[in-house]
Amino acid sequence: MKFIAHKRSAAVEQWLRKEIAEQKKRYKKIVAEQDALSPKRDKWVAEFLHRIQTRGYHVHFNQMRKIAPEEIPSKPKRKFKVVF
Amino acid sequence: MARPHIEPFVDRDVPFKKMTLPGFPKGMQYKMLSMDTDDGSCTMTVLFEPGYKQPPGMSYTEYELFIMTGSIKIGEKVWGPGSYVFVPAGVALEALSSPRGATGLIFYNYGEPSFVESQSDHPKAERHRLAMVNSYDDMQWSSTNFFPATAPGCLVKILKFDERTQGFTFLYCMTPNFWQDNISYHDCCEEAYHIWGTSWMMQFGDLPTGGYFWRPPYINHGAFASKLGILAIGRTDTQLYNHFHFNPWTNIEENRQRAASRMQHWKPDLYKWINTHGHNHPVDFEHDHGHAHGDMPHHHGDGHVEHKHAKKRRRKR
């Protein structure tokens with residue numbers, strides 16, 4: 001029994017509505033901040049793709065494999081989204 | 001669970017608010033980290049003001065409480081930093097107080113926060129599941145035991161494991177100079193809060209002390225690094241599997257497709273059975289068919305996903 005059914009009071013419903021509205025604002029702010037991070041992220045991705053070809057990619061625990069240049073994926077044309 | 005993708009969010013950037021929900025005593029403050037818009041379940045940073053007193057009582061949902069600073073008293077026992085309490089729905093916890101104040105995290109798992117003053121358990125309460133431990137003093141770090149596993153230097157302490165869903169709550173740490181060069185995603189929701197320290201992820205940048213995320217399934221995260229190390233608490237809602245890869249640009253749909261394809265290769269007989277039976281309705285012989293006891297809404301193969309049964313009416317004689 002993880003939850004016991006009960007009737008919510010009007011005060012609880014109102015509190016939930018307010019919190020959900022604030023969460024929507026929080027989410028929008030996060031999306032904007034993450035969009036602004038795009039130039040830095042592109043640099044981090046380029047460094048990552050370089051490291052996995054030189055030092056290796058973590059397959060499991062301390063097992064690493066060097067990725068061949070032909071295995072490196074190319075960037076698709078669509079927008080690079082990180083927050084969904 | 002219907003919580004949006006909240007990542008990253010740093011609770012140090014926002015002030016505490018007074019808890020005004022009916023039933024809760026005065027002296028509790030909170031910062032909302034994430035909330036399920038359907039059922040009101042949520043994760044909050046909480047502050048118990050010095051002198052806080054809560055009478056014995058229960059919640060309609062199970063919840064988890066983790067103490068970060070200060071201490072609380074439950075009954076006669078004092079619980080300091082690192083203490084973890086799991087309270088099943090309907091279990092009346094003894095009187096809780098905090099003479100000098102405390103901060104912590106509280107996770108309401110299946111419904112909105114609720115507190116009902118009561119000396120005795122609800123008839124449906126499962127008291128045997130009540131658990132309390134000081135995870136700093138009484139538990140030791142261990143390797144993650146996942147396959148494939150996180151890189152060396154990431155250690156865990158398992159605080160709670162749900163046998164049915166395999167969801168779990170855990171402390172985790174990264175040692176100084178931790179690094180892991182892969183991208184991961186999971187079939188489960190994952191959330192975490194940084195108790196101390198900063199780590200970096202290729203998608204989101206730095207997550208400092210007070211940093212939090214709630215991440216729905218199939219969202220890429222990683223590579224990972226931490227210069228000075230971190231201490232954090234994490235949770236999943238179901239089984240965690242590390243789907244590692246190195247394509248930074250895949251999206252949720254592609255990641256889900258790959259996970260399904262992997263299931264087809266790992267469990268071909270089960271995969272075939274699920275796809276060929278009209279009545280797509282697996283029943284676990286150890287559990288009730290219905291939706292009591294936290295059972296999942298299920299499919300009937302008729303397009304009505306997330307189907308729920310109405311409660312059967314008893315005949316009046």
Side-chain angles (χ1 to χ4, degrees), chain A residues 1-6 8-20 22-24 26-31 33-34 37 40-49 51-53 55-65 67 71-84, chain B residues 3-9 14 20-22 32 34-35 37 39-40 42 58-62 88-90 109-112 114 122 124-126 143-144 147-152 180-183 200 202-205 216 218-221 223 242 244 246-252 292-294:
Chain A
M1 179 58 64
K2 294 174 174 175
F3 177 75
I4 297 166
H6 62 283
R8 281 181 189 159
S9 67
V12 172
E13 293 284 4
Q14 190 186 5
W15 184 85
L16 287 169
R17 279 195 298 274
K18 195 177 164 203
E19 288 297 336
I20 289 167
E22 285 181 14
Q23 180 165 264
K24 275 183 188 164
R26 202 154 59 237
Y27 176 83
K28 280 183 182 170
K29 188 168 178 272
I30 289 170
V31 171
E33 286 168 355
Q34 289 300 307
L37 203 61
K40 273 190 183 174
R41 187 180 299 114
D42 288 343
K43 187 172 160 270
W44 293 336
V45 166
E47 289 168 355
F48 167 74
L49 294 176
R51 283 199 307 275
I52 62 174
Q53 293 176 82
R55 189 169 65 177
Y57 151 83
H58 275 102
V59 176
H60 162 66
F61 195 54
N62 60 356
Q63 293 174 20
M64 298 186 75
R65 173 170 89 80
I67 304 300
E71 289 182 89
I72 296 295
S74 50
K75 188 177 179 179
K77 283 182 181 170
R78 66 183 180 228
K79 189 186 173 190
F80 183 16
K81 263 180 86 171
V82 297
V83 181
F84 291 88
Chain B
R3 297 197 204 190
H5 184 195
I6 300 290
E7 182 171 23
F9 175 65
V14 297
T20 56
L21 274 173
M32 184 59 70
S34 71
M35 172 178 269
T37 54
D39 64 17
C42 60
M58 53 150 265
S59 164
Y60 289 116
T61 170
E62 67 174 38
N109 289 342
Y110 293 92
E112 77 282 359
S114 56
H122 188 279
K124 291 178 175 174
E126 295 171 348
S143 300
T144 54
F147 188 91
T150 46
Q180 180 176 314
D181 266 335
N182 58 24
I183 298 163
W200 168 89
M202 188 168 69
Q203 294 77 9
F204 310 104
Y218 305 112
I219 293 176
N220 282 337
H221 52 286
N242 289 319
F244 290 152
F246 53 86
N247 186 336
W249 300 292
T250 59
N251 60 25
I252 289 180
H293 312 296

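Each chain gets a letter, A, B and so on, in the order its sequence line appears, and its residues count up from 1.
- Heavy-atom distances place the backbone of B:T250, and not its side chain, under 4.5 Å from chain A.
- At a 4.5 Å heavy-atom cutoff, the contact between B:N247 and chain A is made by backbone and side-chain atoms alike.
- Taken from CZ in B:F9 to CD in A:E33, the straight-line distance is 9.5 Å, to the nearest 0.5 Å.
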Exercise. Give the intermediate values and the outcome of side chain to side chain contact (heavy atoms under 4.5 Å, CB included) for residues B:E112 and A:E19.
Key: CA-CA 11 Å; B:E112 77 282 359; A:E19 288 297 336; over 6 Å; no
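- Within the 4.5 angstrom heavy-atom criterion, no atom of B:P216 approaches chain A.
- For the options A:R26, A:E71, A:H58, A:Q34, heavy-atom pairs under 4.5 Å to chain B are most numerous at A:H58.
- Between A:F3 and B:D39 the shortest side-chain heavy-atom distance does not fall below 4.5 Å.
- In this structure, NE2 on B:H122 lies 4.5 Å from CD1 on A:I4, to the nearest 0.5 angstrom.
- Note that the CD atom of B:Q180 and the CE atom of A:M64 stand 9.5 Å from one another [nearest 0.5 Å].
- Atom CD1 of A:I67 sits about 10.0 Å away from atom CG of B:N182, to the nearest 0.5 Å.
- Neither the backbone nor the side chain of A:K81 has a heavy atom closer than 4.5 Å to any heavy atom of chain B.
- When all heavy atoms of B:F147 and A:H60 are compared, the pair lying nearest together is CD1-CE1, 3.3 Å.
- Proximity of A:P73 to B:F246: side-chain heavy atoms (C-beta onward) are separated by under 4.5 Å at one or more points.
- Among residues two or more places apart in sequence or in another chain, the salt bridge (charged side-chain N to carboxylate O under 4.0 Å, His left out) test is passed with A:K40 by none.
- Ring-plane geometry between B:W200 and A:W44 is classed as perpendicular, the angle between the planes exceeding 60 degrees on a 0 to 90 degree scale with a lower cut at 30.
- Looking at residues two or more places apart in sequence or on another chain, you find a salt bridge (charged side-chain N to carboxylate O under 4.0 Å, His left out) between A:R51 and B:D181.
- Here the closest non-hydrogen pair linking A:L16 and B:G40 is CD2-CA, 3.9 Å.
- For B:T37, the parts sitting under 4.5 Å from any heavy atom of chain A are the backbone and the side chain alike.
- For the options A:A5, A:G56, A:S9, A:P76, heavy-atom pairs under 4.5 Å to chain B are most numerous at A:P76.
- Ranking A:R55, A:E22, A:R41 against chain B, the residue ahead of the rest is A:R55, based on heavy-atom pairs under 4.5 Å.
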Exercise. Evaluate the side chain to side chain contact (heavy atoms under 4.5 Å, CB included) criterion for residues B:I6 and A:I30: first the C-alpha distance (whole Å), next the side-chain angles of each, then the deciding distance (0.1 Å), finally the verdict.
Key: CA-CA 7 Å; B:I6 300 290; A:I30 289 170; 3.8 Å; yes
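- A:Q14 does not touch chain B: none of its heavy atoms, backbone or side chain, sits under 4.5 Å away.
- Looking at A:V31, neither its backbone nor its side chain comes within 4.5 Å of chain B, counting heavy atoms on both sides.
- Counting all heavy atoms, side chain and backbone alike, B:F244 lies closest to A:V59 at CD1-O, 3.5 Å.
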Quiz prompt | Evaluation steps, side chain to side chain contact (heavy atoms under 4.5 Å, CB included), between B:E7 and A:V83 | solution = CA-CA 7 Å; B:E7 182 171 23; A:V83 181; 5.8 Å; no
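- Ring-plane geometry between A:H6 and B:Y60 is classed as parallel, the angle between the planes falling under 30 degrees on a 0 to 90 degree scale with a further cut at 60.
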Quiz item: Going through the distances and angles, do B:M202 and A:V45 end up as a side chain to side chain contact (heavy atoms under 4.5 Å, CB included)?
Solution: CA-CA 7 Å; B:M202 188 168 69; A:V45 166; 4.1 Å; yes
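- Taking the side chain as every heavy atom from C-beta outward, A:V12 and B:P22 approach each other to under 4.5 Å.
- The candidate with the highest count of non-hydrogen atom pairs below 4.5 Å against chain A, out of B:G205, B:P88, B:S114, is B:G205.
- Taken from CZ in A:F84 to CD1 in B:I219, the straight-line distance is 6.0 Å, to the nearest 0.5 Å.
- When heavy atoms are compared at a cutoff of 4.5 Å, A:F80 approaches chain B solely by way of its side chain, counted from C-beta outward.
- With a 4.5 Å cut-off on non-hydrogen atoms, A:R8 touches chain B through its side chain but not through its backbone.
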